[in-house]
Amino acid sequence: MRILIAEDEPRISRFVARGLTANGYSPTVVEDGIAALDYATSGEFDLLVLDVGLPRMDGFTVLRTLRSMGHDIPIVVVTARDSLDDTLHGLEGGADDYLTKPFRFEELLARIRLRARERHSEPAPESSDTLTLGDFALDLRTRIATCGSGDERTELELSSREFALAVMFLEHPNQVLSREQLLTHVWGYDYDGASNVVDVYLRYLRKKLGAERFVTVRGIGYKLVDPAA
Ligand code: CA
């Protein structure tokens, strides 16, 4: 799936492009509204992530122009929180969804997946609703984690941050994920990089799911393993 990102802040476009690539999408970044319009009308993209505050032509104008030209490319509008009213107005101009800055990558990803699904009107395959590694399973709909087998099988509810972290680990089993990767992916680009919030949440996950599942790789980060493997 090819995704066009119209965003003039390199910090944000890099964050989004990196995350999309890691999730199997092909992102292309443009930095102004004229280029956004140009690329979006090329027919080469499946979805547009559109910042409102763009140089040369603002996002709303891009949106209205695209729709008035009859283009039905799904559009997720990204806006500053203090201009939310404008954004809601913008949705009437033909946006499919919106996000306010700062946003977590998971929030954007969820919206993109939803749009992609609607567009192809494909029901989600059963397997994509649950992520598993060994006896650890996570239901993406209910956010309930299960681990252990037989009589030892337990079900646990995860908080939204714990859930996002668990998803990240389950999507990259047996791979070392750095604190920076986890922080960017789960907390967003605006989070203080010096924070130990990742370690704090790792403690929560270990307590709920079993410490042996999360291996500390000194000086780098953590990896999720199947202790029975
Ligand atoms: Ca901007």
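Indexing begins at 1, ligand by ligand and atom by atom, following the structure's order.
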Is Arg67 paired with Asp96 through a side-chain N to carboxylate O contact shorter than 4.0 Å? yes
Using side chain to side chain contact (heavy atoms under 4.5 Å, CB included) as the criterion, point out the one residue from Leu202, Leu131, Leu209 that pairs with Phe169. Leu202
May I ask you to list the protein N, O or S atoms found at less than 3.0 Å from the Ca ion (ligand 1)? Asp8 OD1, Asp51 OD2, Gly53 O
For Gln181, which residues count as a side-chain contact (heavy atoms from CB on, under 4.5 Å) partner, sequence neighbours excluded? Met168, Leu177, Ser178
Is the side chain of Asp97 donor-acceptor paired with the backbone N or O of Arg111 at a distance under 3.5 Å, no angle test? no
Looking at Arg2 and Glu44, would you say the former's side chain and the latter's main chain have a donor-acceptor pair under 3.5 Å? yes
Less than 3.5 Å apart, any donor N or O on the side chain of Arg206 or Thr216 sitting next to an acceptor on the other? yes
